[in-house]
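Here is the naming used below: chain letters follow the sequence lines, and residue numbers restart at 1 for every chain.
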Amino acid sequence: MDGSQPLADLRQVWRMRAFEERVRELRLAGDAVGSIHLGIGQEGVAVGASCLIGPDDAVFATYRGHSWAIACGVEPEKLFAEILGRATGINGGRGGSAHLTAPGYRFFGENSIVGAGAPIACGAALAGRHDGTDRVALTVFGDGAMNQGAVHEAMNFAAAFSLPVVFLCENNSWSELTAIDEMVGEPQLWRRAAGYGMPGERIDGNDPEQVRDRLGDAFEVAREGGGPTLVEAMTQRLVGHYIGDADQYRRPGERERDAENEPVALLTRRLRDAGVPDDEIAGTERAAREEMDAASAVALAAPPADPATAKEHLYA
Amino acid sequence: MDGSQPLADLRQVWRMRAFEERVRELRLAGDAVGSIHLGIGQEGVAVGASCLIGPDDAVFATYRGHSWAIACGVEPEKLFAEILGRATGINGGRGGSAHLTAPGYRFFGENSIVGAGAPIACGAALAGRHDGTDRVALTVFGDGAMNQGAVHEAMNFAAAFSLPVVFLCENNSWSELTAIDEMVGEPQLWRRAAGYGMPGERIDGNDPEQVRDRLGDAFEVAREGGGPTLVEAMTQRLVGHYIGDADQYRRPGERERDAENEPVALLTRRLRDAGVPDDEIAGTERAAREEMDAASAVALAAPPADPATAKEHLYA
Amino acid sequence: MPDTSVAARPEARELTYGEAVNAALRRCLDERPDTLLYGEDIAKPGGVFGVTRGLRRDFGDRVFDTPISESAILGSAVGAAMLGRRPIVEIMWVDFSLVAFDQVVNQLANVRYVSRGELTAPVTIRTQQGSAPGACAQHSQSLEALFLHVPGLRVCMPWTAQDAYDLLVAAVASDDPVLVIENRTLYPAGKGPVALGGPVQTPGGLRVRREGSDATVVTWGAMTARVLAAAAGLADEGISLEVLETVWLNPFPTDEIVASATRTGALAVVHEANVTGGFGAEVVARVAGRGVPLRVPPLRLGLPDTRVPAAPSLVAGLLPGPDAVAGSVRDWLRT
Amino acid sequence: MPDTSVAARPEARELTYGEAVNAALRRCLDERPDTLLYGEDIAKPGGVFGVTRGLRRDFGDRVFDTPISESAILGSAVGAAMLGRRPIVEIMWVDFSLVAFDQVVNQLANVRYVSRGELTAPVTIRTQQGSAPGACAQHSQSLEALFLHVPGLRVCMPWTAQDAYDLLVAAVASDDPVLVIENRTLYPAGKGPVALGGPVQTPGGLRVRREGSDATVVTWGAMTARVLAAAAGLADEGISLEVLETVWLNPFPTDEIVASATRTGALAVVHEANVTGGFGAEVVARVAGRGVPLRVPPLRLGLPDTRVPAAPSLVAGLLPGPDAVAGSVRDWLRT
Ligand SMILES: Cc1ncc(C[n+]2csc(CCOP(=O)(O)OP(=O)(O)O)c2C)c(N)n1
Ligand SMILES: Cc1ncc(C[n+]2csc(CCOP(=O)(O)OP(=O)(O)O)c2C)c(N)n1
Ligand SMILES: [Mg+2]
Ligand SMILES: [Mg+2]
């Protein structure tokens with residue numbers, strides 16, 4: 001394998017990670033406030049998915065959705081500004097870290113209610129059936145969300161009507177502070193797909209290549225009228241559930257395993273194996289940090305959202 | 001096979017059917033009012049289940065639950081009175097046909113919200129884990145209820161905690177006026193069980209013998225700590241969704257097939273094959289009709305629920 | 001059910017309330033290709049109350065039945081609306097909306113606000129509510145107050161066949177999400193001339209159902225009939241009630257009600273919902289907050305604070321009928 | 001978090017609001033073997049706010065974590081209560097209750113009524129709500145009014161650490177279902193002496209937080225602090241407010257409020273919920289309905305009728321702080 005794709009992937013992983021590490025600094029410094037959920041360690045999924053998302057597609061993410069917004073192409077500056085509550089934020093400060101929305105970028109938003117995005121994605125797919133596009137709706141949620149009624153209803157709804165929805169479960173083993181394997185009778189979550197009459201599979205979410213390939217199949221099936229698929233992407237968050245989570249519930253050996261599997265480690269190994277020079281590899285991180293430093297500086301310089309506008313846009 | 005069990009079964013089927021046919025007369029005569037949902041044709045399931053329900057068990061049914069109340073041993077007189085809105089009704093007229101409750105009979109009630117009984121049943125099972133009983137909670141619902149979020153949550157909850165719950169889906173092919181097979185991607189509903197990590201199977205709900213046997217296994221597993229099971233009992237309603245439903249949505253050949261499969265037909269054939277005399281078979285119906293005529297007459301003679309009591313029992 | 005397909009020509013047709021709803025849906029499906037109509041049993045079977053009959057036949061797969069999955073119904077409506085459709089969805093009984101209330105409150109109502117209007121959610125939710133003989137506690141509630149506490153959501157409650165038509169057409173045309181609360185006891189009722197095809201109205205406004213000078217009675221939904229019957233009876237006794245039916249509850253016609261109460265010097269609100277926390281409290285609070293001088297303390301009538309029993313004799317003891325309304329108003333104005 | 005395990009001896013301990021909740025739970029688990037405590041992340045991790053720490057360790061499998069399944073949590077609580085348990089369940093944010101609102105309204109609240117007391121549902125639902133800096137629209141609502149429109153359900157909202165303890169103990173002891181709405185901004189706050197182990201209170205009553213003669217201000221929850229700060233400031237200007245904190249909203253202390261408003265001749269209600277359809281309307285309507293003569297029209301303050309934005313600068317422009325409360329009250333009393 002030639003190194004150009006993994007290098008591009010690593011560059012993207014680093015953009016997401018550098019973005020979130022900068023967000024963490026801003027939160028710890030008090031420039032940003034409130035609950036912020038980082039996806040550090042999980043970037044492989046969004047990176048692998050990004051090139052699959054077509055111009056008419058629609059992405060629905062969760063509160064842990066910064067990387068998905070970046071994957072959809074939203075400028076980091078506007079995301080920083082949003083998280084910082086600035087007037088220049090992508091939603092003028094109304095959404096914040098946990099409710100980002102950028103329809104112009106095919107990013108139909110984060111959702112802070114576990115599972116609620118899945119039925120909404122069904123609607124986006126349904127719209128595509130009537131508006132002449134070949135839209136695929138991608139809904140991303142966590143392992144814990146699999147136990148929420150709305151996700152179940154969405155999966156059946158999509159399967160019954162063969163809607164072009166891709167259900168992407170990012171299984172990071174934890175739902176907040178609780179281990180998913182203690183909260184289900186069958187920890188292989190993808191196995192639920194068969195009951196709905198749709199294909200399902202488990203993939204390595206840390207490998208953008210594999211995500212591109214297998215999630216790509218799901219997109220293709222959906223786009224060609226074959227209906228929904230459930231993809232369970234195994235991954236890990238290297239950080240707490242939210243910034244401030246003491247993160248002390250990890251199991252023995254977990255952190256070591258995670259450190260080995262996470263996408264930066266995986267892609268770095270792959271690049272080395274392909275003979276890409278260390279300096280070029282390190283350059284991906286450097287460039288990303290520079291980009292995010294600059295973007296966050298611009299955001300920080302922007303004025304806070306104007307209170308005088310707070311009542312606007314409630315009704316047409 | 002000796003004929004005594006099928007004869008007893010037929011007797012029970014007839015009690016349920018005669019009860020409901022009498023309810024229908026009362027509704028059409030205007031003595032009872034409102035939406036009433038009959039389970040005529042589906043009695044095989046409740047008849048087969050009745051002997052499995054132990055003294056500490058708890059049964060949760062739906063609006064189509066008259067037969068389940070009878071299976072739990074509630075006196076038809078009190079059920080008639082309830083459906084007629086009489087003071088002597090099992091709930092003094094507060095529940096009506098669709099919200100009967102008789103905890104003294106292990107009947108923890110009908111529920112008129114599709115799917116809502118399933119999580120409640122989990123709680124009954126949970127209570128059993130702490131109160132020293134070997135309670136099994138039986139929750140009965142329709143095929144359409146399988147698509148309701150609450151049922152999904154309940155199944156996972158029970159499976160995750162190995163709760164002694166038996167999930168019994170009475171699949172009568174129709175959810176109100178809509179065919180279940182058009183509302184799911186996988187019409188073999190029992191196949192959902194595997195995704196939750198619990199056993200599931202499809203059985204003939206028209207045959208009390210088979211219900212007793214297979215549902216009995218599920219009860220036994222649950223009682224011995226083996227956790228929940230999903231049983232899909234195939235059956236049919238021979239009447240409309242509610243009294244007054246014009247019932248014109250049936251598919252070609254459906255009525256004929258249903259008439260052949262329904263429990264009276266099935267048990268009658270079995271009894272004839274076992275050499276039970278026709279007169280004895282016919283006697284089951286006669287006795288049931290007499291019982292229900294008498295019971296309904298008593299109920300009809302009772303006074304209506306007293307409006308002066310309507311505000312009582314809201315709070316402790 | 002008569003063919004309501006001529007809706008586009010402005011003309012009056014003899015229709016029941018349910019037929020008027022059908023005519024409105026037909027018009028919307030006809031005039032707006034971006035509409036979708038779906039819900040449980042609404043397409044092939046034509047609805048449990050027969051209200052949507054014929055629409056599947058005439059509009060094909062824009063009209064479809066759904067699984068019993070209210071979160072999927074409402075959630076998909078939110079998503080389809082974000083992506084440019086104009087879904088009209090049915091929640092068969094308002095009571096069932098509670099299994100999916102998140103999609104209304106946390107999702108639908110936030111779309112426009114959070115995106116500063118970049119996204120909109122022009123969803124129409126049709127539902128019906130109210131007490132009918134024999135219905136159980138889970139099928140009898142009047143829940144408009146819950147929705148009226150949700151900024152971002154418009155709410156209306158037609159009582160006449162004409163309003164069943166006009167409000168629904170207005171709801172579908174509105175770029176805001178609108179909840180239309182019908183009443184199942186009215187579907188087969190109220191046959192009379194309904195003007196179809198008229199200009200699309202804007203959400204808002206009220207109906208002066210009766211002019212009067214002794215007291216202002218604000219009411220909505222099926223209670224309007226009881227209030228009007230009470231008012232007719234009281235008129236014979238020389239008590240003159242002004243009856244205002246607030247078909248739109250959001251936006252709410254505060255000014256008109258304040259003006260009427262100022263004129264009559266007395267305010268009563270009558271609704272079918274439980275009194276405590278009902279929207280009657282809001283009406284009273286708005287009028288009181290404007291400092292309207294009232295001769296007598298404002299009166300609220302509704303379902304007392306209990307659950308709803310099934311037996312007709314029990315409900316009758318709870319929900320005020322025309323006589324009870326008249327009696328309460330009489331006693332109130334005499335104090 | 002200090003060990004709160006000595007709850008049974010009546011003594012005062014220095015506790016935060018969150019620690020007081022913990023102490024109350026500990027006492028209930030200790031004294032009542034029929035209690036169960038469960039919800040998302042509440043057992044092994046001790047809760048996302050650390051409020052339930054140590055209880056799993058000390059009470060074993062009566063305390064457990066659940067899947068993210070609010071319908072299963074609430075529904076199973078209903079069932080367990082029907083069968084003789086006394087479940088205390090947590091809904092992490094009140095906003096999340098909306099995914100399972102059916103289990104509260106259509107199930108829990110009906111149990112006793114429909115069965116005429118043959119079945120009861122002594123469930124305690126603990127949740128928390130309110131606006132905190134940076135929280136998004138889906139994590140910032142104050143929804144007490146929705147629950148207060150549901151007959152059959154008791155509702156309280158503690159503000160002090162002492163009430164966080166007392167109300168919760170009272171809720172668990174009550175044979176009715178009770179919703180206890182806490183406030184996450186208070187968990188780490190309010191460290192002070194909390195009397196533990198005192199007699200179990202009965203639901204009901206209010207707290208006179210400040211006596212005064214110029215106006216009665218009714219408030220609850222975290223707004224109490226803002227109102228008291230405003231009242232302290234206004235006192236320096238010679239405006240004397242009587243501040244009543246209605247820790248129990250159902251049952252509601254109507255008589256006490258009517259008496260106070262009658263004495264002061266002015267009534268304001270301040271809450272964190274949206275104004276329209278908020279429970280402030282009910283308070284005003286009750287006082288108005290009693291014909292209490294008021295010098296000035298009643299005042300309602302709360303979140304204006306919008307959704308809740310995330311940016312602190314935007315929320316600050318919406319939710320009245322102490323100064324805005326003081327300003328509004330000053331203007332109001334001067335008219
Ligand atoms: C309906 C609902 N219940 C509970 C929560 C609180 N909550 C937020 S994130 C979370 C855990 C979700 O876990 P998972 O789905 O695995 O996603 P992850 O956070 O791991 O990405 C919970 C319980 C919520 N936001 N919505
Ligand atoms: C949450 C909810 N949605 C919709 C309804 C209306 N409804 C009552 S019965 C029914 C059909 C249920 O079908 P199924 O589960 O197959 O049970 P069956 O009636 O066939 O016994 C529907 C949609 C309801 N009662 N509750
Ligand atoms: Mg997770
Ligand atoms: Mg069915």
K.L.:
CG/C:Asn110 to OG/A:Ser112 distance, rounded to the nearest 0.5 angstrom?
P.N.:
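Between C:Asn110 CG and A:Ser112 OG, I get 10.0 Å after rounding to 0.5 Å.
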K.L.:
For the pair A:Tyr315 and C:Asp175, evaluate side chain to side chain contact (heavy atoms under 4.5 Å, CB included) and give the outcome as yes or no after the intermediate values.
P.N.:
CA-CA 8 Å; A:Tyr315 295 107; C:Asp175 287 334; over 6 Å; no
K.L.:
Evaluate the side-chain proximity of A:Ile120 to C:Gln103: yes if any heavy-atom separation is below 4.5 Å, no if none is.
P.N.:
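Contact flag for C:Gln103/A:Ile120 side chains = yes.
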K.L.:
Quick check against the 3.5 Å criterion: does C:Asp176 have a side-chain atom that pairs as donor or acceptor with the backbone of A:Ala316?
P.N.:
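Checking the backbone N and O of A:Ala316 against the side chain of C:Asp176, a donor-acceptor pair under 3.5 Å is found.
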K.L.:
Under 4.5 Å from any heavy atom of chain C, what part of A:Leu314 do you find: side chain, backbone, both or neither?
P.N.:
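Both backbone and side chain of A:Leu314 come within 4.5 Å of chain C.
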K.L.:
Nearest heavy-atom pair of C:Ala72 and A:Pro119: which atoms, and what distance?
P.N.:
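Distance-wise, the nearest heavy atoms are CA-CB, 3.9 Å.
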K.L.:
For chain A, find which of C:Arg85, C:Arg116, C:Arg154 contributes the most heavy-atom pairs closer than 4.5 angstrom.
P.N.:
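Result: the option with the highest number of such pairs is C:Arg116.
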K.L.:
Look at C:Thr120, C:Ile68, C:Leu36 and state which one has the largest set of heavy-atom pairs under 4.5 Å with chain A.
P.N.:
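Top option by heavy-atom pairs under 4.5 Å: C:Leu36.
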K.L.:
For A:Arg135, is it the side chain, the backbone, both, or neither that has a heavy atom closer than 4.5 Å to a heavy atom of chain C?
P.N.:
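It is the side chain, since no backbone atom gets that close.
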K.L.:
Determine whether A:His130 and C:Asp61 make a side-chain contact, defined as any pair of heavy atoms from C-beta on separated by less than 4.5 Å.
P.N.:
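Heavy-atom side-chain distance check passes, below 4.5 Å.
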K.L.:
What option among A:Leu163, A:Leu126, A:Ile113 has the most heavy-atom pairs under 4.5 Å with chain C?
P.N.:
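The option with the most such pairs is A:Ile113.
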K.L.:
Could you look at C:Asp65 and say if it's the side chain, the backbone, both or neither that has a heavy atom under 4.5 Å from chain A?
P.N.:
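For C:Asp65, backbone heavy atoms alone lie under 4.5 Å from chain A.
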K.L.:
Please classify the contact between A:Asn156 and chain C as side chain, backbone, both or neither, with a heavy-atom cut-off of under 4.5 Å.
P.N.:
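The side chain, not the backbone.
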K.L.:
State, to 0.1 Å, how close A:Asn91 and C:Ser115 come at their nearest heavy-atom pair, and which atoms those are.
P.N.:
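Heavy atoms of A:Asn91 and C:Ser115 come nearest at ND2-CA, 4.2 Å.
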K.L.:
Between the side chains of C:Gln107 and A:Asn111, does any donor sit under 3.5 Å from an acceptor?
P.N.:
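Yes.
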K.L.:
Can you tell which part of A:Ala121 gets under 4.5 Å to a heavy atom of chain C, answering side chain, backbone, both or neither?
P.N.:
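Neither part.
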K.L.:
Does NZ or CZ of A:Arg94 lie under 6.0 Å from the centre of the six-membered ring of C:Tyr113, at an angle within 45° of the ring axis?
P.N.:
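So A:Arg94 does make the cation-pi contact.
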K.L.:
Does any backbone or side-chain atom of C:Thr66 lie under 4.5 Å from a heavy atom of chain A? Answer side chain, backbone, both or neither.
P.N.:
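Both parts, backbone and side chain.
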K.L.:
Is any side-chain heavy atom of A:Phe161 less than 4.5 Å from a side-chain heavy atom of C:Pro67?
P.N.:
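They are in contact (side-chain heavy atoms under 4.5 Å apart), so the answer is yes.
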K.L.:
I'd like to check A:Phe108 versus C:Leu83 (side-chain heavy atoms, cut-off strictly below 4.5 Å). Are they in contact?
P.N.:
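Yes. Closest side-chain heavy atoms under 4.5 Å.
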K.L.:
Working to the nearest 0.5 Å, report the span between CE of A:Met155 and OG of C:Ser69.
P.N.:
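One finds 13.0 Å between CE of A:Met155 and OG of C:Ser69.
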K.L.:
Quick one: what part of A:Ile90 sits under 4.5 Å from any heavy atom of chain C, side chain, backbone, both or neither?
P.N.:
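The answer is the backbone of A:Ile90.
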K.L.:
Just verifying a value: how many Å separate A:Glu153 CD and C:Glu70 CD, rounded to the nearest 0.5 Å?
P.N.:
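Atom-to-atom, A:Glu153:CD and C:Glu70:CD are 6.5 Å apart.
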